[in-house]
Each structure stands twice: as C-alpha cells, then as structure tokens.
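Reading through the structure tokens given below for one structure.
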Amino acid sequence: MKEKLCTLREAVARFVPDGASVALGVQLESMIPFAAGHEIIRQGMRSLTLVGPISDILFDQMIGAGCVQRVIAAWVGNVMMGSAYNFRRAVEDGVPHALDVVDHTNFTLALALHAAALGVPFLPTYTAGGSSVAARSPDIAELQAPFTGEKMRAVRAISPDVTIVQAQRADPSGNAHVWGNLGVLPDAVHAAKRVIVVAEEIVAPKVIASDPNRTVIPGFLVSAVAEVPFGAHPSPVQGYYNRDNEYYGEYHRTTRTRPEFEAWLEDWIIGVKDRKGYLGRLGQARVDSLKVRKHAWSVRADFGS
Amino acid sequence: MKEKLCTLREAVARFVPDGASVALGVQLESMIPFAAGHEIIRQGMRSLTLVGPISDILFDQMIGAGCVQRVIAAWVGNVMMGSAYNFRRAVEDGVPHALDVVDHTNFTLALALHAAALGVPFLPTYTAGGSSVAARSPDIAELQAPFTGEKMRAVRAISPDVTIVQAQRADPSGNAHVWGNLGVLPDAVHAAKRVIVVAEEIVAPKVIASDPNRTVIPGFLVSAVAEVPFGAHPSPVQGYYNRDNEYYGEYHRTTRTRPEFEAWLEDWIIGVKDRKGYLGRLGQARVDSLKVRKHAWSVRADFGS
Amino acid sequence: MRYTPAELMVAAAAREIRDGEVVFVGMRLPLIAFVVAKNTHAPSAVGVFENGVLRDTPARELLFTMSDGPNITGALSCLSMLECMALLQRGRVSLGFLGAAEVDRHGNLNSTEVRDAAGKTTRLPGSGGACDIAALAKRFVALLDHQKFRLPEKVHCVTSPGFGPWRSGRLAQGGPAAVITTKAVLRFSPAGEAYLHSHHPGTSIAEVLANTGWPLQVSPEARETPPPTRQELRAIRAYDRQGFWTR
Amino acid sequence: MRYTPAELMVAAAAREIRDGEVVFVGMRLPLIAFVVAKNTHAPSAVGVFENGVLRDTPARELLFTMSDGPNITGALSCLSMLECMALLQRGRVSLGFLGAAEVDRHGNLNSTEVRDAAGKTTRLPGSGGACDIAALAKRFVALLDHQKFRLPEKVHCVTSPGFGPWRSGRLAQGGPAAVITTKAVLRFSPAGEAYLHSHHPGTSIAEVLANTGWPLQVSPEARETPPPTRQELRAIRAYDRQGFWTR
C-alpha cells in the first residue's frame with residue numbers, strides 16, 4: 001500500500017477543492033476535525049457543501065468564514081450553548097452570503113450515508129412521518145414497501161466528495177483505529193469518494209494490525225493521513241483529552257456580532273499558521289489541563305491462532 | 001440488569017421451542033455454536049427453521065437428526081470437504097424427512113437480517129440480477145427505485161425467533177465481547193426476537209465494560225448466557241483454539257450413508273451428556289493440540305477521560 | 001427542601017421512566033432525569049444516546065454533551081448512530097425525551113424555525129434526532145419553558161411529529177406521553193389533544209391557561225405536581241454539583 | 001520444473017490479479033492465487049473475504065476456510081459480511097474468483113443443483129457469496145474441472161449470472177473475464193460468448209472442443225497457456241506445503 005502520510009495542509013490542498021461536498025463531525029460532539037476545518041478556512045476554499053449530523057461549532061465557523069454554500073445536516077449550533085450565530089446570520093440575513101440548508105434528521109442523514117456506503121440509491125424508513133422535514137426535503141420521498149404494501153419514506157443516498165475524520169491512531173498507510181462513540185463514522189468513510197484521516201498519532205503498522213476489529217478505517221479507502229495532535233480541540237478525543245467546555249462558552253460569548261466573529265476568526269484561525277500555532281495561542285497550561293485525568297485501558301483480546 | 005446466566009441445557013429448553021426459527025453459524029466457518037446445536041438435537045426439538053449464511057456441518061447434523069423442517073441459507077455443506085450428506089439425503093430423498101430449502105445468497109441473507117435489524121420490511125439491492133436464486137425466491141421481489149427509477153431487487157426482512165452466538169467472553173448479564181471475523185453477527189443479534197450467548201468464559205462485568213466497542217452484543221438484547229468452553233469445536237474461536245480440520249474430514253468420511261450417520265450421531269451427540277462429555281470423548285490430548293499456539297494480543301486502547 | 005423549577009422538571013421527567021425500559025436520553029435536563037431514575041425507582045433502565053453510546057450506569061460526572069469522555073468510559077456498548085436509531089425503528093425504545101422551541105395542541109414540536117409577530121424568521125438548530133425519537137419511540141416526553149408563544153395552537157413547522165393522521169401503521173404505537181413545562185405537566189387524550197394533568201407548586205391552573213396559546217382542556221382530576229422528593233433532589237445535586245443545568 | 005494441473009490453474013488465476021486491486025478471494029485455489037500474486041506481480045493487492053476479513057498480507061499458513069485463525073491474526077480489518085458485500089455493491093471490488101459445478105456458453109455458473117441424464121437431481125451446497133460476486137464485481141474468474149457435463153450450453157440453474165440481458169444499468173460493468181479449467185482458459189467476446197483463449201500444455205484445442213458442451217469458438221490467436229514460472233511454483237509450494245489443494 002502506498003504511503004499517504006502528509007501534512008494537513010497538503011491533504012486539504014489536494015483533496016478539498018472548491019465546490020466539494022465535505023463530511024465533517026461524523027462522530028457528533030467528539031473527535032470533530034477542527035484542525036482540518038481551520039486549514040480549509042485558511043486555504044480559503046469556497047462553495048463547499050458541508051455534510052454531517054450534528055456539527056457543533058465547526059460548521060458555524062466555516063459558514064462565518066465564507067467557505068460554505070450549502071449545509072446538509074440535522075442540527076447546526078453550539079451543543080452546549082444553543083444557537084450558532086454565523087449559521088443564523090447566513091440563513092436569516094445572508095451574511096457573509098446566502099446559505100442553502102437541506103434539513104435532515106439524524107436518522108435520515110445516517111441512512112443517506114448508509115445508502116451510499118451500501119452502494120444503493122436509497123434506503124427505506126419509517127422515520128419522519130408527519131414531519132415538515134420529510135415534506136420539505138428533496139432527499140426524502142414517499143415509497144410503497146414491497147411485500148407489505150405499507151407507505152414508508154425513502155431517503156436518497158449521499159456520497160460526500162471527501163470525508164474528514166479524526167482518529168486516535170493510524171499507520172502511514174491510513175489504516176486507523178477509532179474508539180469510543182462512532183456516530184456515523186463507518187458509513188461516512190465508506191460512502192465517501194475520498195477520505196482524509198487526521199490522527200492524534202501515527203503508529204507502527206503492527207500496532208494497528210494487532211487489533212483488526214478496531215480498524216474501522218481500512219487504509220485502501222484513505223487518500224491522505226496527517227498527524228495532528230490535539231487536532232480535535234475543543235472537542236474531546238477519548239483516551240487523549242477531554243472537551244474544553246469553557247472554549248464553547250467563550251465562542252458563544254464572543255461571536256454574537258459579525259465584527260466580533262471576524263476578530264475571533266483572525267485570532268484563532270487566520271492569524272495562526274497551523275494547529276501548532278493554535279495550540280501555542282491556547283497555552284500549554286490549558287492544553288495540559290484537558291489531558292486525560294484517569295486512564296481506563298481496555299482489557300486485551302487475543303488474536304492469536 | 002437481571003442475571004441471565006444458566007446452563008446451555010436450560011437456555012435451549014427455555015428459548016428454542018419446537019417450530020422456532022433459529023439463526024446459527026452467523027460468523028460463517030468460525031465460532032459456530034456446535035455445543036448449542038448438539039443440545040438442541042439431544043432435547044429432540046422438531047420442525048425448526050434454520051437460518052444462516054454458511055453453516056458448515058452443523059446444519060447437516062441437525063437436519064440428519066430430524067430437527068429441521070426448513071433451511072434458509074446461502075450454502076449448506078462441509079466447507080473444507082464439499083457436500084454434506086444429510087442435507088443431500090433430505091433434499092434428494094426426503095430422509096429422514098422432507099426439507100424445505102429457501103435459497104439465498106450470502107448478501108441477500110445478510111440484507112434480510114439487516115432489514116430486520118433496522119426494523120424495516122425490506123432492503124433494496126442490485127445483487128442477484130439474472131440469477132435463478134432471485135427468480136425462485138419468495139423473499140426477493142422486483143422493485144423500482146425511487147429517485148433513479150432503476151429496476152432493482154428488494155429482499156424481505158428475516159427476524160429469527162432466536163439467534164444463538166458463540167462469544168469469546170461475556171458477563172453474567174449477557175454483555176459479550178466478540179472479536180475476529182464478525183460475519184452477520186451484529187445484524188443477526190439485532191434482528192432476533194431472543195438471543196442466546198454461549199461464551200468461552202464468563203468474566204467480571206468490568207472486563208466487558210473496559211472496552212465498549214468490543215461489546216457487539218449488549219446484554220439487554222440477551223435472554224440467556226451460558227459458559228461452555230470449547231463450545232464451538234470443531235470450528236475455531238480466535239484467541240482460544242484453532243479449527244479441528246481433521247474432524248471435518250472424519251465427519252465427511254463417516255457420514256456417507258444413513259446408518260453411518262446414525263452411528264456418528266450416537267457416538268458424538270446422543271451418547272454424550274453435554275459438552276463436557278463430548279470433550280471427554282475427543283480426548284484431552286486432542287483438545288490441547290488445538291489450543292492457540294502463538295498469542296497475538298491487541299494493543300490496548302485508552303477509554304479514560 | 002427548597003428546589004428550583006428545573007429540579008422539579010427533572011424529577012417529573014425521571015418519574016416517566018419505568019424500570020427496565022430502554023430510554024433515548026438526550027442531554028440537559030433529561031440526562032439528569034435518567035440519572036435520577038437510575039438512582040431511585042428504575043435501576044435497570046438502559047440509556048441510549050444517538051452518538052452510538054449505550055449505558056446502564058450513569059456517567060461518573062456531569063456531561064455537557066453525550067460524546068463527553070465520561071459518557072464513554074465504562075459504557076455498556078459503543079455502537080454507531082445507525083445501530084442506535086435502528087433500536088428506535090424496530091420498536092425497542094420505550095421512551096425518548098425531547099426539548100423544543102414550540103409545542104402545540106397535538107404535541108407537535110418545532111425546533112427548526114420560528115417567526116415572530118412581525119414575520120421575522122429565527123433559524124433554530126434543527127431536528128438532530130428529535131424527529132426520529134418523536135416518530136419512532138413508543139412514547140416521548142417533551143420539556144419546555146412555559147411561555148405563551150412557545151405553546152401555539154399550531155407550530156410553525158413540525159420538526160417532530162406529535163399526534164396526527166400519520167399515527168397509523170408502524171407509527172400508531174408512538175406519540176407524546178407528556179409535556180413537562182416550567183409551569184405544568186400536560187398529557188394527551190385518546191384523541192391526541194393535550195390537557196392539563198398537573199400544575200406545579202406556586203402556579204395555578206388559571207396561570208397555565210393564560211400562558212397557553214389555545215383553550216387548553218383541564219382534566220377533572222388535575223392536581224398539583226408532586227414536588228421533588230429528598231431522594232430525587234439528592235440525586236440531582238450529586239450529579240449536577242454546580243447546578244449548570246438545574247439552577 | 002514439473003507441476004500439477006492445479007498448480008497451473010493457480011498460476012493462471014494469479015495472473016488475473018492486477019497490482020493494487022481489491023479482490024474477493026474465495027477459498028481453495030483462488031486463495032493460493034492471491035498469495036502467489038501478492039508474492040510476485042501484485043504486492044499491493046487487497047484481499048476481501050465475505051466473512052468480514054480484509055487482508056493486505058497473506059496469512060502465515062495454509063487456510064482451509066476463510067475464518068481459520070491465521071486469516072484473522074494480523075488482518076487489515078475485521079468487518080462484517082455486510083460491509084464486505086457493500087464494497088462489492090458500490091463497485092470497489094475489481095475482481096472475484098468463483099468455483100462452480102457447471103459453467104455455460106455465456107459464463108453463467110451453477111452451484112445449486114444438477115440433473116443427470118436420468119433426471120435424478122443432485123443438490124449442491126448453493127450460492128454462498130458466488131451470485132453476489134458474479135453480479136457485482138467489476139469482473140470475475142471461474143475455475144472448474146474441464147468435463148463435458150460441467151460445460152453445458154446452458155446451465156440447469158443460474159446460481160451466478162454471467163452475460164445476459166441483465167447486464168445493464170448497475171450490472172453493465174460486470175461479468176466473467178475468464179474461465180480457467182483443468183484444460184484451458186476461456187475468455188468472452190464483446191457479445192458475451194465464451195471462446196478458447198489458450199489450451200494448457202499437454203492438451204490440444206481438439207481435446208478442449210471435444211470436452212465442451214457447445215461448439216466453442218476458438219480465437220485465431222489461441223495459444224498454449226504459459227506454464228507456471230519457477231517463482232510462481234515456489235510461492236505455491238511455500239504456502240500449500242502439503243499440497244492439500246494443489247496436488
């Protein structure tokens with residue numbers, strides 16, 4: 001397998017073109033690839049379609065930075081604090097520009113990715129019956145079920161151009177171990193045309209091969225893998241660091257107006273070179289305070305024969 | 001959670017009634033719950049429907065023992081040796097009695113279980129186009145896809161009355177760790193009305209809780225859990241013992257005729273009381289020779305926070 | 001013992017959980033309700049989180065999101081969202097909790113967008129899993145701040161379906177069981193219309209009616225909501241020590 | 001170097017694998033072909049096994065089934081069957097190998113049941129994943145024992161589809177690329193009819209034709225199948241040390 005190890009800058013430049021559809025935040029509130037999103041903002045990509053069930057504040061930042069033309073999601077906001085102001089400004093006032101929102105539910109978005117992962121154009125479901133989400137969505141149609149004749153709904157497959165995931169550890173070929181809550185990660189990886197893995201650490205292939213059930217991302221589906229420690233901050237990475245709750249509160253308090261957001265953007269994204277710069281701004285003491293306080297190691301499994 | 005720990009005899013007596021549909025061999029050639037199948041034979045259950053993709057010789061034994069009225073499967077035979085004679089005798093000559101065979105492919109069977117696991121009456125697929133399997137099956141229908149208008153096939157959901165799985169380790173509540181090739185296990189567990197877990201070992205709940213991604217069987221779906229070491233022999237259990245290839249060869253050579261099979265049945269199933277008796281017949285030396293020769297431990301993962 | 005309105009709501013929500021049930025938990029107050037139920041009358045309840053986590057023990061510390069580290073440590077199982085939603089779709093989830101910006105006469109919820117009197121639209125975060133839980137759980141309970149504009153006769157947008165003509169076939173088994181507000185607990189008639197079941201201590205039936213956007217039916221058996229017990233308050237405060245969600 | 005018919009078939013099968021391809025491996029001879037290809041011209045090929053296993057290195061010892069312990073130890077990934085079949089369905093699998101009891105003029109395979117001249121039916125094990133691989137892989141290769149009754153003009157039962165009217169839409173991209181028998185290699189015309197591509201050393205075109213159940217077309221470029229190379233034989237024998245599958 002070819003080596004795909006590169007910097008995050010290279011990965012984004014090569015595999016996230018203007019106009020691409022990009023799945024991010026596929027594990028919901030944890031392991032959100034903030035470093036990757038920030039790199040996309042720094043490189044000034046435009047007209048992206050963002051795909052993800054619950055994006056927490058990363059989608060809000062990318063919308064505010066002007067990268068986004070469309071959002072396909074079930075929930076866009078700040079999970080701990082409520083509203084996300086850039087999302088609201090874009091939808092309500094067209095600032096910084098108009099935003100097309102395709103509303104999904106968590107389940108219909110999961111099914112849309114699952115359909116693409118399975119290689120079928122749709123999947124049937126009972127959810128969203130009676131909901132305006134179903135009535136308004138171009139991705140949800142009525143369906144009469146074979147065998148039973150029931151009225152159901154069909155959810156259209158979504159195949160993102162690129163899925164970006166944060167993994168705990170990966171080898172240089174992109175084979176990656178991910179643990180904790182998986183969200184829609186398995187389907188988002190299989191549904192995508194390309195996959196970028198952002199890993200907390202690059203490890204030897206034998207570490208990954210020691211536990212093939214943990215390898216939820218097989219390297220042959222991966223286009224690029226970058227090592228970015230603390231790449232998901234302020235979201236948590238199980239076994240590495242905790243959620244920086246205070247950061248979400250600060251973001252909420254300091255991005256209420258467009259000028260405030262612009263200052264925030266300059267401070268935290270445009271004005272830093274990369275994730276190292278970002279972490280420097282955050283400060284070592286804060287970084288250290290987020291690290292895992294109490295280790296909880298998995299009991300080993302024997303893959304011997 | 002209530003304790004569900006019991007003997008395999010109790011589990012089978014309580015949850016595998018005559019006429020039940022039973023999924024077995026859901027991990028294909030490994031971790032086949034032979035001990036459970038043998039207990040079903042000893043208790044003389046009748047008119048069962050067996051469900052499983054590739055059953056190796058367990059289905060053949062249960063058919064030969066007269067427990068089975070119908071088989072819903074993709075492949076019935078002896079994987080290493082070819083034909084399974086009881087299956088052939090039942091289909092070709094109605095011995096010991098007639099057998100209804102519903103042919104599936106591996107994928108359509110996986111989809112049928114997946115549909116039931118998802119709680120929908122069918123799933124769409126492109127497979128089996130042009131095949132007699134699709135043309136003959138009551139479980140496969142034509143379908144016009146929403147959105148694209150393509151002609152596809154729909155596979156009907158299958159929800160077994162009980163799924164019996166062999167797990168490496170489980171706690172007394174039935175929370176079970178399974179690793180290695182999973183086959184259709186996750187869907188077979190979720191699709192079933194009841195689940196029986198046969199574990200190589202019962203371990204403390206904290207062992208299971210140390211690795212929630214390994215807990216592919218959550219205990220609240222489990223009706224009974226029994227500790228049966230070497231319960232999958234002659235099939236392998238990763239990390240515990242290897243496949244007894246010679247046993248499959250012997251079975252092939254000694255069950256060619258009905259009287260030969262009847263003698264085999266008496267020797268290995270009817271004439272032994274339980275799995276302990278079976279292993280006694282097998283002999284300690286042979287048991288020991290199958291044990292894992294070279295351990296290969298998974299590198300630990302940190303679930304700390 | 002004194003208590004806050006949020007603590008009363010948590011206690012009322014906890015009592016909706018029956019022992020042994022599989023419950024779609026959600027965050028904020030319902031999460032704490034799950035913890036209270038586990039520590040009081042429902043020790044065998046299993047919690048499902050749509051990020052893929054199942055728990056049969058409460059997390060060791062307060063969660064701000066369902067994906068926080070402590071919710072994973074010691075979890076019963078970590079699956080995918082699809083597998084958790086599949087539990088819902090195949091009818092294995094007894095109860096789900098939902099928040100909303102608006103709840104209407106038939107228990108429909110809106111968390112997508114609202115319009116003010118001047119016609120100005122405010123965009124809300126959206127469904128998340130709310131629509132799925134409302135559609136597919138055997139029953140659901142909504143929590144909201146009791147203000148007249150949040151209880152319109154008809155929501156602007158049905159993010160999450162309550163009672164309506166769609167409650168047939170597979171969806172016949174679901175629907176709202178209760179709406180727990182800052183002032184009252186509403187339940188639903190067999191015809192699917194909300195009625196006042198209890199008003200909280202310190203409010204009156206008249207105050208509830210005055211703050212509801214349609215002529216709310218009142219049960220002849222309407223009574224005062226029982227206040228949180230000492231045991232419930234202890235469980236709430238042991239978990240939300242700083243009162244982040246419950247002060 | 002001397003070699004067995006099975007060794008020739010393995011070498012011929014190995015040459016069908018291109019470097020970097022994702023291959024549905026199967027057991028017996030194709031498994032060994034995958035090992036040979038990995039050790040010779042296709043070091044980056046990835047093997048998919050329908051039990052859920054992906055491998056990019058050969059197992060450390062001979063396998064009798066795809067679920068044998070050594071196939072799991074050091075695997076690239078252990079998924080579910082559904083996930084492996086999904087790779088097939090979404091067009092990520094370049095090549096699959098299949099065995100069969102019968103292969104016909106248009107590359108249809110039968111592994112479900114056969115009838116003899118007297119009309120007596122013999123029940124075979126069935127499709128397993130064969131139908132799925134034949135339908136959905138970008139191309140497939142069948143292996144079989146070259147006997148006239150195994151190569152009928154039309155199979156008794158189409159377990160696994162070759163070329164036919166169903167090769168449109170999503171299935172247009174698939175179909176048989178080759179049939180490797182104990183006597184010959186057949187390939188397929190653009191119209192989907194088999195023709196003789198090469199006959200093995202020690203047989204003749206006439207012998208192949210005499211043992212085929214329809215008037216088999218012969219390519220004007222038909223030649224002798226190249227024998228296994230020294231390197232290929234070394235790889236075969238290092239893996240199947242006892243010659244369980246290849247003697």
Side-chain angles (χ1 to χ4, degrees), chain A residues 111 114-115 118-126 138-143 145-150 152-157 168-169 177-182 203 206-214 216 236 238-243 292-305, chain B residues 111 114-115 118-126 138-143 145-150 152-157 168-169 177-182 203 206-214 216 236 238-243 292-305:
Chain A
L111 287 169
H114 191 51
L118 285 175
V120 290
F122 80 98
L123 283 172
T125 182
Y126 292 109
D139 290 343
I140 303 177
E142 293 222 336
L143 172 80
F147 305 117
T148 64
E150 291 160 280
M152 299 182 69
R153 271 150 301 286
V155 180
R156 189 201 301 266
Q168 274 101 340
R169 59 192 180 204
H177 278 182
V178 180
W179 60 91
N181 60 299
L182 297 179
V203 296
K206 70 177 180 196
V207 172
I208 302 300
S210 79
D211 194 348
N213 291 107
R214 192 91 72 202
V216 295
Q238 202 70 27
Y240 289 75
Y241 44 91
N242 285 293
R243 192 169 192 272
V292 165
R293 284 159 293 158
K294 200 176 164 199
H295 296 290
W297 299 104
S298 61
V299 172
R300 64 190 186 170
D302 188 359
F303 283 84
S305 53
Chain B
L111 286 169
H114 190 51
L118 285 176
V120 290
F122 79 99
L123 283 173
T125 183
Y126 291 109
D139 289 344
I140 303 176
E142 293 223 335
L143 172 80
F147 306 118
T148 64
E150 291 160 279
M152 300 182 68
R153 273 150 300 286
V155 181
R156 190 200 300 265
Q168 274 101 340
R169 59 192 179 204
H177 278 183
V178 180
W179 60 91
N181 59 300
L182 297 180
V203 297
K206 70 175 180 200
V207 172
I208 302 300
S210 80
D211 195 347
N213 291 107
R214 193 90 73 202
V216 295
Q238 202 69 28
Y240 288 76
Y241 45 93
N242 284 294
R243 192 168 191 273
V292 165
R293 284 160 293 158
K294 199 175 164 202
H295 297 289
W297 300 103
S298 62
V299 172
R300 64 189 185 169
D302 188 359
F303 283 84
S305 52

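We name chains A, B, ... by the order of the sequence lines, and we start the count at 1 in each one.
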When Leu123(B), Asp211(B), Val203(B) are compared by non-hydrogen pairs under 4.5 Å with chain A, the top option: Asp211(B)
Please flag which part of Arg169(B) lies under 4.5 Å from any non-hydrogen atom of chain A: side chain, backbone, both or neither. side chain
Angle between ring planes, His295(A) versus Trp297(A), binned at 30° and 60°: parallel, tilted or perpendicular? parallel
Mind ranking Pro124(A), Pro236(A), Ala157(A), Ala145(A) by heavy-atom pairs under 4.5 Å with chain B and telling me who comes out on top? Pro124(A)
So how far is it from Leu118(B) CG to Tyr126(A) OH, rounded to the nearest 0.5 Å? 11.5 Å
For the residue pair Ser210(A) and Phe303(A), establish whether any side-chain heavy-atom pair is separated by less than 4.5 Å. no
Could you have a look at Pro146(A), Ala141(A), Ala154(A) and say which one has the most heavy-atom pairs with chain B under 4.5 angstrom? Pro146(A)
Closest heavy-atom pair, Asn213(B) versus Trp179(A), reported as atoms and distance to 0.1 Å, is OD1-CB, 3.2 Å
Could you have a look at Arg214(A), Gln168(A), Glu150(A) and say which one has the most heavy-atom pairs with chain B under 4.5 angstrom? Arg214(A)
Between Val120(A) and Met152(B) the two heavy atoms that sit nearest each other are CG1-CE, 3.8 Å
Heavy-atom contact with chain A under 4.5 Å, split by part of Pro212(B): neither
Flag the one option from Arg156(A), Arg293(A), Lys294(A) with the top tally of heavy-atom pairs under 4.5 Å to chain B. Arg156(A)
Select one option (side chain, backbone, both, neither) describing which atoms of Leu182(A) are under 4.5 Å from chain B's heavy atoms. side chain
Could you pull out the closest heavy-atom pair between Val216(A) and Val178(A), with the gap in Å? CG2-CB, 3.6 Å
Measure Thr148(B) against the heavy atoms of chain A and call it side chain, backbone, both or neither at under 4.5 Å. side chain
Proximity breakdown for Asp139(B) and chain A, heavy-atom pairs closer than 4.5 Å: backbone
